[in-house]
Number of protein chains: 2
Amino acid sequence: MAFQFDSFDRPFAAAIDRLRSVSLRPTRQRLVICRQLFDAGDRHVTAETLHAELVGQRLRVSLATVYNTLHQFTKAGLLREVVVDGAKTYFDTNISAHHHFFDIERGDLIDIPGEGIAVNGLPTAPDGLEIDRVDVVIRIRRAARG
Amino acid sequence: MAFQFDSFDRPFAAAIDRLRSVSLRPTRQRLVICRQLFDAGDRHVTAETLHAELVGQRLRVSLATVYNTLHQFTKAGLLREVVVDGAKTYFDTNISAHHHFFDIERGDLIDIPGEGIAVNGLPTAPDGLEIDRVDVVIRIRRAARG
DNA sequence: GTGTTTGCAAAGTGTTTGCAATTTA
DNA sequence: TAAATTGCAAACACTTTGCAAACAC
């Protein structure tokens with residue numbers, strides 16, 4: 001039996017299942033991160049914001065482990081990396097096809113459902129290359145004075 | 001008369017004009033960077049690649065000045081910043097409306113003319129916010145084994 | 001001359017890594 | 001107990017900054 005949890009502990013059971021489904025050992029750290037990410041709808045985090053949340057809840061996980069885990073989750077297909085800012089790396093728990101608003105000033109990411117946007121006239125990839133994915137980022141900011 | 005150039009020196013004259021048009025003093029460093037960027041069609045550079053090019057041509061400019069100058073040019077509207085990679089900042093000499101292919105493996109940016117792609121069904125920006133711009137990045141990579 | 005620009009080196013930010021100690025199976 | 005994982009601290013890559021010297025006008 002893993003840790004202090006038993007099968008009656010639903011949130012942990014779900015996290016354990018999720019990790020097992022991608023062949024990652026359900027360690028204390030991964031479970032804690034898993035719950036923080038997936039127990040509450042779609043989320044956008046950076047390593048630093050996620051680490052701060054965990055620390056704020058007295059859940060001790062090192063920043064290095066948060067970084068490593070976010071990448072493991074991404075490789076496993078549980079997360080998706082979103083590039084919108086040169087400085088930091090964002091991770092999105094919503095792995096379905098969709099695009100983003102990015103609030104330049106606040107650094108906030110907001111999902112736009114996949115059906116909301118259609119990209120037409122996509123060129124074919126240059127010779128020998130293929131399309132991996134198409135990202136649409138709508139940069140938004142505080143409206144100019146009216 | 002600035003430096004060793006005179007008005008018969010066309011490339012420098014053009015660079016001087018370009019800088020003057022955005023109220024930037026035509027210093028030796030800015031002129032050299034200006035020519036490197038704009039004398040040869042559309043280009044995508046990072047501070048490091050541009051600096052390496054200049055140094056390779058014995059044109060001495062410090063990396064700090066390259067960084068500063070790229071940002072000045074961007075603010076002045078001569079360049080556009082393109083976010084496609086978490087690690088480095090790309091600058092594009094093509095400031096017209098267009099989108100990009102990004103070769104994930106090689107880190108190459110390729111322009112797609114603006115008319116080539118249409119984004120339909122753009123949602124309106126959340127309350128109090130307005131759209132600054134819409135970026136479409138098509139991530140490409142070596143085609144899978146055939 | 002006076003204000004601007006440059007270059008250096010130091011500092012900063014976000015991220016990755018080597019490795020001993022710990023934990024999981 | 002063997003293999004995987006963690007946390008620390010050091011290393012990293014890229015970028016920004018403070019300030020004295022050099023430069024443009």
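Bear in mind that the values here come from a model prediction, so they are computed numbers and not experimental data. Below, read A as the first sequence line, B as the second, and so on, with proteins coming before strands; counting in each chain starts at 1.
Taking only side-chain atoms of A:Ser62, from C-beta outward, the nucleotide of C:dG7, D:dC8, C:dA25 with the closest atom is D:dC8. Which of C:dT15, C:dG7, D:dT5 sits closest to the side chain of B:Thr65 comes down to C:dG7. The listed nucleotides are D:dG7, D:dT5, C:dT6; the one nearest the side chain of A:Arg28 is D:dG7. In the set D:dT5, D:dC14, C:dG7, C:dG7 carries the atom at the smallest distance from any side-chain atom of B:Val61. Of the candidate nucleotides D:dA4, D:dG7, D:dC25, D:dC25 has the atom lying nearest to any side-chain atom of B:Arg20. Picking from C:dT16, D:dT5, D:dT15 the nucleotide with the shortest atom distance to the side chain of A:Arg25 gives D:dT5. Out of C:dT6, D:dC25, C:dT16, the shortest distance to the side chain of A:His71 is found at C:dT16. Here the side chain of A:Arg30 is nearest to one of C:dT5, D:dC25, D:dT6, namely D:dT6. Of the candidate nucleotides C:dG7, C:dT15, D:dT5, C:dT15 has the atom nearest to the side chain of A:Glu48.
Judged by distance alone, with hydrogens and angles left aside, the side-chain atoms of B:Tyr90 form no donor-acceptor pair with the main-chain N or O of B:Asp85 at under 3.5 Å. The backbone N or O of B:Arg142 lies less than 3.5 Å from a partner atom in the side chain of B:Glu105, making a donor-acceptor pair. The closest donor-acceptor contact from the side chain of B:Thr69 to the backbone of B:Arg30 lies at 3.5 Å or more, if one exists at all.
In this structure, B:Lys88 places its NZ atom 13 Å from C1' of D:dT15, rounding to the nearest Å. The separation between B:Asn68 atom CG and D:dA22 atom P is 19 Å, rounded to whole Å. Note: CG (A:Leu59) to C1' (D:dT6) measures 16 Å, nearest angstrom. The CZ atom of A:Arg60 sits 14 Å away from the C1' atom of D:dC8 (whole-angstrom rounding). The distance from atom CG of A:Leu19 to atom P of C:dA25 is 10 Å, rounded to the nearest whole Å. One atom, CZ of B:Phe91, and another, C1' of D:dC14, lie 12 Å apart when rounded to the nearest Å. In this structure, CG of B:Leu24 is placed 14 Å from P of D:dA24, rounded to the nearest angstrom. If you measure from atom OH of A:Tyr67 to atom P of D:dA11, you get 19 Å, rounded to the nearest angstrom.
Among the atoms of the strands shown, base atoms are found under 4.0 Å from some heavy atom of B:Ala64. When heavy atoms are screened at a 4.0 angstrom cut-off, A:Thr89 is found touching the sugar-phosphate backbone but no base atom. At a threshold of 4.0 angstrom between heavy atoms, the contacts of B:His51 with the nucleic acid are absent.
OP1 and OP2 of C:dG14 both lie 4.0 Å or more from every side-chain N or O belonging to A:Thr46. Listed pair B:Gln29 / D:dC23 fails the phosphate criterion, with no side-chain N or O lying under 4.0 Å from OP1 or OP2.
Under the Watson-Crick or G-U wobble criterion, with both distances below 3.5 Å, D:dT17 is paired with C:dA9. The pairing partner recorded for D:dC25 is C:dG1, the criterion being a Watson-Crick or G-U wobble arrangement whose two distances lie under 3.5 angstrom.
Residues B:Gln72 and A:Ala87 each lie close to DNA chain C; by heavy-atom proximity, the contact nearer the 5' end of the strand is made by B:Gln72. When each of A:Leu63 and B:Ser23 is assigned the nucleotide of DNA chain C bearing its nearest heavy atom, the one mapping closer to the 5' terminus is B:Ser23.
A:His44 and A:Asp108 share no side-chain donor-acceptor pair at under 3.5 Å. Using modelled atom types and a 3.5 Å distance limit, the side chains of A:His100 and A:Asp111 yield a donor-acceptor pair.
A centroid separation of less than 6.0 Å is found between the aromatic rings of B:His71 and B:Phe91.
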